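Owing to the predicted nature of the structure, the values given are computational and were not obtained by experimental measurement. Throughout, numbering of the chain's residues begins at 1 and tracks the sequence.
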Amino acid sequence: MPASRLSRTPLPGIGFRYDLTTRDQRQVSVVAHRDGGRTLSAYRNDDPDACDLSLKLTSGEAAALIDALMPSHHSPNLLHTTDLGLVAERIEIGATSHWNGRVLGETQLRTETGASIVAVLRRAEAIPSPTPDFRLAGGDTVIVIGTREGVEAAATILGRE
């Protein structure tokens, strides 16, 4: 049975759309709006262009749903960034990315956006607090934290081809 696939598409002026094809070949999408709201949509099996369900969620409702979907090791002591006006986002560095093979400091990410890379996920390893001389690689997933605007600006910078 094929594995699930997730893709991310920027929606200028709106936010990002995440499309998930499940292992059972069901199509689900989430539009992450700039204001923190989310639109969750599920599509019909017999017609992947026909929407079966569409739910518009406020940022609070989206946070509650995320909490419900968290793994069982979720701790209530973890930082809830949305309560503080901060967001955390995973951003993948593509194989054809401008930043593939370059050091983190060259991105000028914190200076340009105010957002910070707090960790890099590489294969099965997590690298916390990468230094400016850390070399990025295609396939890395960076964890960025900051304001919604700062994180979106960081995604634009890191998405550069």
task: Taking the side chain as every heavy atom from C-beta outward, state whether H33 and I14 have any atom pair closer than 4.5 Å.
output: yes

Gap separating the CZ atom of R44 from the CD atom of Q27, nearest 0.5 angstrom: 13.5 Å

message: Other residues, nucleotides and ligands only: do more than 12 of their heavy atoms fall within 6.0 Å of CZ on R110?
response: no

Enumerate donor-acceptor pairs with a distance under 3.5 Å from any side-chain N or O in residues 131-139 to protein atoms, sequence neighbours excluded.
| from | atom 1 | to | atom 2 | distance (Å) |
| --- | --- | --- | --- | --- |
| T131 | OG1 | D133 | OD1 | 2.3 |
| R135 | NH1 | G101 | O | 2.5 |

message: When you measure from the side chain of S116 to the backbone of V118, do you find a donor-acceptor pair of N or O atoms at a distance under 3.5 Å?
response: no

- request: Group every Ile, Leu, Val, Met, Phe, Trp and Tyr by side-chain heavy-atom contacts under 4.5 Å, then state whether I145 and I143 land in the same group.
  value: yes

field: Any V87 side-chain heavy atom under 4.5 Å of E89 side chain
entry: no

message: Just so I know, are the side chains of L55 and E61 near enough to count as touching, which here means a heavy-atom distance under 4.5 Å?
response: no

query: Should I127 and I93 be counted in the same cluster of Ile, Leu, Val, Met, Phe, Trp and Tyr side chains packed under 4.5 Å apart?
result: yes

query: Could you walk me through whether D19 and R17 pass the side-chain contact (heavy atoms from CB on, under 4.5 Å) check?
result: CA-CA 6 Å; D19 291 299; R17 177 180 168 153; 2.6 Å; yes

- prompt: Just how far is it from atom OG1 of T147 to atom CD of E152, taken to the nearest 0.5 Å?
  reply: 8.5 Å

- prompt: Can you find a pair of side-chain heavy atoms, one from R8 and one from I91, that are under 4.5 Å apart?
  reply: yes

message: What verdict does the side-chain contact (heavy atoms from CB on, under 4.5 Å) test give for L109 and V142, after you've listed the backbone C-alpha separation in whole Å, the side-chain angles of each residue and the deciding distance to 0.1 Å?
response: CA-CA 12 Å; L109 202 74; V142 297; over 6 Å; no

- prompt: Donor-acceptor pair, N100 side chain versus A95 backbone, under 3.5 Å?
  reply: yes

task: Check the pair E92 / T141 against side chain to side chain donor-acceptor pair (under 3.5 Å), numbers first and verdict last.
output: CA-CA 4 Å; E92 186 171 337; T141 299; 4.8 Å; no

message: Is there a side-chain contact between I117 and P130 in this structure, where contact means two heavy atoms from C-beta onward sitting under 4.5 Å apart?
response: yes

- request: Report yes if some heavy atom in the side chain of V120 is under 4.5 Å from a heavy atom in the side chain of L104; otherwise report no.
  value: no

Closest non-hydrogen atom pair between D49 and Y43, with its separation: C-CD2, 4.3 Å

message: Hydrophobic clustering (ILVMFWY, side-chain heavy atoms < 4.5 Å, transitive) - are V31 and L53 grouped together?
response: no

task: State whether the number of non-hydrogen atoms from other residues, nucleotides or ligands found under 6.0 Å of R102 atom CZ is greater than 12.
output: yes

task: Hey, could you give me the OG/CG distance between S29 and L40, rounded to the nearest 0.5 Å?
output: 7.5 Å

task: Decide yes or no on side-chain contact (heavy atoms from CB on, under 4.5 Å) for S54 and T39, but give the supporting numbers first.
output: CA-CA 7 Å; S54 184; T39 302; 3.7 Å; yes

